[in-house]
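Below is one structure; the comments refer to it alone.
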Amino acid sequence: MRRPSLDHARLSALPGGWRVEILDETPSTNAVLAERARSGEAPGLVITTEHQTAGRGRLDRGWTTPARSALTVSALLRPAPSVPVERWPWLPLMTGVAVATALRKEGYAAGLKWPNDVLIEGRKVCGILIERIETAGASPAAVVGFGINTSLTREELPIETATSLELESGAPVDRTAMLIAVLAELSAAYEIWESDPAALARRYRELSVTVGEQVRAELPGGDVWEGVATEIDDFGRLVIATDEGPRVVGAGDVIHARLRPRQ
Ligand SMILES: O=C(O)CCCC[C@@H]1SC[C@@H]2NC(=O)N[C@@H]21
């Protein structure tokens, strides 16, 4: 059965100033939006597609999904120059807060695996990739990309520790409604990011499913640290109690010992 398309009409006038453009097919919504950002596009533009064929993932991985089986979305922000640059690393975590909050309001038991994977019952349902784009004559842009698996079947999942909303709920997902809900939460989380970083950190910590877990952190330089994740610090980094003492992780891949493959 053909999966339903996004509903242009319901996405045409959204609160928060979001302007949504829907592409039938594109290699990567982040790539399209980054190009628009470089040409000086104003914040608020959202690019989504029915079929992303060569999406970009974290750590140079790919992110490709069958047509109409996911929400593959990129939203353009241009933080005010008055926001300190040290707050930028919180943007991916902020996006995780927005997606997890939207999913929770829809009844999913969503949580955040550090830094910004959204999990349901230990399985990944959404990945997030933020790209910073320098723009001549304007403040730098953040391309906020997220991919939510909405109706992927078990056979279509890229890895056995992934899931989709429909696999979790057993019910069809209205992708248009879900996109509207996530954009509303993105507006709210962005406002908190701009005005009250401590409140954002509190919200992130409430949603974290990594703190308290036995984890293995694989760092970009090749180091591997194992231990219990003890906290998210004020810079959004993960602190791990290893046998050699506390270690602070700013970037890398974190694997939960208890991540469960779908049976
Ligand atoms: O590796 C991850 O977990 C991050 C995946 C991010 C995928 C999204 S889908 C929409 C946007 N466009 C891209 O090319 N990537 C992001």
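Hydrogens, waters and symmetry mates play no part in the numbers below; they use all other heavy atoms, side chains included. Note that ligands are numbered from 1 as they come in the structure, with each ligand's atoms numbered from 1 the same way.
- Taking a heavy-atom cut-off of under 4.0 Å, ligand 1 is surrounded by Ser28, Thr29, Asn30, Gln52, Gly55, Arg56, Gly57, Arg58, Trp63, Thr72, Val73, Ser74, Asp117, Lys124, Gly127, Ile128, Leu129, Gly145, Phe146, Gly147.
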Just list the side-chain donor-acceptor pairs under 3.5 Å for residues 218-225, sequence neighbours left out, or say none.
unit_1: Glu218; atom_1: OE2; unit_2: Arg216; atom_2: NE; d: 2.9
unit_1: Glu218; atom_1: OE2; unit_2: Arg216; atom_2: NH2; d: 3.3

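- Heavy atoms from other residues, nucleotides or ligands lying under 6.0 Å from CD of Glu191 number 12 at most.
- Summarising the local packing, CG of Asp233 is surrounded by more than 12 heavy atoms from other residues, nucleotides or ligands at distances under 6.0 Å.
- Listed by first and then second residue, the ring pair (Phe, Tyr, Trp, His ring centres under 6.0 Å) pairs that reach into residues 150-192 are Tyr190-Trp193, sequence neighbours excluded.
- For the pair Arg56 and Trp63, the NZ or CZ position fails the cation-pi test of under 6.0 Å to the six-membered ring centre and within 45 degrees of the ring normal.
- Grouping Ile, Leu, Val, Met, Phe, Trp and Tyr by side-chain contacts under 4.5 Å, direct or through others, leaves Val228 on its own.
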